[in-house]
Amino acid sequence: SGRLSHSVAKFAIGQKVRTIYGDGAVTLFVGSKGRYRVKLPYGTAFLGPTAILHAIPSKDTPFVRRDGTMVRDTDDATKTEGPYLIRSSQVLFATRRIYLFLRLHLKLCNMLADLRAICDGSTSLDPATRYTVPPGEEPNQDFSERLDFTGMMAVLKGAISKKCDLKTFETFGRKISKDQVHVIASLPKLVERCAEALFSLAKEDALFYLYDYCQYREVNPAIVREHCFSMAPDADFRVQFDGKLSA
């Protein structure tokens with residue numbers, strides 16, 4: 001149907017969006033079918049909400065969501081005089097739930113990136129593959145599990161879905177790296193904490209509204225902070241991204 005939730009905002013006519021087929025501009029919303037007509041560089045497409053990845057920020061024609069619909073912003077949050085943030089920086093004023101999720105998710109991503117580098121450069125061999133099985137006896141476990149990042153993620157998925165216990169996962173991690181087994185063993189619990197934080201963030205239903213006001217560059221952070229407080233009184237965590245430092 002054409003009824004969309006707050007987390008899937010109804011984009012405005014004329015708004016630039018990024019779709020799975022490329023960047024374009026919304027020219028029409030067909031409410032009865034819940035589809036958008038999007039003008040793409042090579043033609044026109046009728047797309048469902050899931051085919052639109054996100055809006056493309058534009059300081060010249062800013063849009064924000066109100067009651068689940070993207071509308072042209074007529075406030076002064078992005079039009080005030082300086083001091084401005086430099087163009088390479090972007091700031092988000094977040095609530096405690098948003099901040100906690102960002103920290104947990106960043107920690108998880110960094111740990112997985114480090115473990116991937118360790119796994120890809122590891123020459124670990126499961127000692128069990130060197131055992132000689134007496135004739136007529138079958139091994140009581142699968143010795144063909146991959147001791148690399150792909151194998152670790154497969155076993156991690158099993159630990160999260162309770163198909164294997166944490167002790168088994170820790171034993172598998174020890175085969176990959178004895179030095180990093182404590183890091184590997186902590187992954188299932190960290191993923192669970194991330195999921196809990198994400199669920200809590202979704203219940204709060206504040207992130208999308210705050211993001212709309214914080215997506216623009218070269219803005220006065222004091223004015224943006226004031227607008228964020230009007231939407232979420234506890235949005236007192238400043239999260240700043242500096243493109244120069246990440247380059």
Side-chain angles (χ1 to χ4, degrees), residues 3-12 15-18 49-50 52-59 62-80 83-114 156 160 183 186-247:
R3 292 164 48 185
L4 306 178
S5 68
H6 291 309
S7 59
V8 184
K10 180 181 175 183
F11 295 99
Q15 188 170 12
K16 295 181 180 179
V17 294
R18 178 154 297 165
T50 56
I52 299 179
L53 303 178
H54 58 78
I56 299 177
S58 172
K59 192 169 187 296
F63 289 84
V64 296
R65 84 186 66 215
R66 294 201 178 107
D67 297 325
T69 302
M70 300 299 288
V71 298
R72 194 179 298 273
D73 182 21
T74 57
D75 293 328
D76 297 327
T78 59
K79 308 178 183 65
T80 56
Y84 296 127
L85 286 173
I86 59 176
R87 183 160 185 79
S88 61
S89 295
Q90 199 166 359
V91 66
L92 169 70
F93 289 96
T95 63
R96 182 181 182 85
R97 294 183 182 186
I98 296 172
Y99 178 74
L100 178 60
F101 172 73
L102 289 176
R103 291 300 300 267
L104 288 171
H105 186 260
L106 180 60
K107 180 66 175 176
L108 177 61
C109 290
N110 288 338
M111 287 172 61
L112 290 176
D114 292 341
L156 174 60
I160 295 172
V183 177
S186 67
L187 286 176
K189 289 295 184 183
L190 181 56
V191 172
E192 289 181 4
R193 289 293 306 277
C194 283
E196 292 171 359
L198 179 60
F199 181 72
S200 177
L201 182 154
K203 288 178 60 178
E204 185 181 49
D205 196 24
L207 176 60
F208 293 104
Y209 298 95
L210 294 173
Y211 170 76
D212 292 333
Y213 274 103
C214 296
Q215 63 180 303
Y216 307 107
R217 300 176 186 267
E218 297 181 286
V219 296
N220 185 334
I223 302 299
V224 175
R225 181 172 181 266
E226 182 179 337
H227 274 261
C228 290
F229 274 145
S230 68
M231 293 180 287
D234 58 341
D236 47 11
F237 288 84
R238 176 169 174 162
V239 181
Q240 185 162 326
F241 169 79
D242 192 325
K244 289 183 177 180
L245 295 178
S246 64

Just so I know, are the side chains of [X] and [Y] near enough to count as touching, which here means a heavy-atom distance under 4.5 Å?
X	Y	answer
P221	Q240	no
I52	Q15	no
V239	Y99	yes
F237	I98	no
T95	L207	no

Euclidean distance, [Y] [atom2] relative to [X] [atom1], rounded to 0.5 Å:
X	Y	atom1	atom2	answer
R96	D236	CZ	CG	9.5 Å
D234	F93	CG	CZ	14.0 Å
L104	L201	CG	CG	11.0 Å
K107	L190	NZ	CG	8.5 Å
C228	I223	SG	CD1	11.5 Å

Enclosure of R238 CZ (heavy-atom neighbours >12, cutoff 6.0 Å)
yes

Heavy-atom neighbours of F199 CZ exceed 12 at 6.0 Å
no

Test your reading of the model: is there a side-chain donor-acceptor pair from S200 to the backbone of A197, 3.5 Å cut-off?
no

What do the steps show when you test I160 against L187 for side chain to side chain contact (heavy atoms under 4.5 Å, CB included), and what is the final call?
CA-CA 9 Å; I160 295 172; L187 286 176; over 6 Å; no

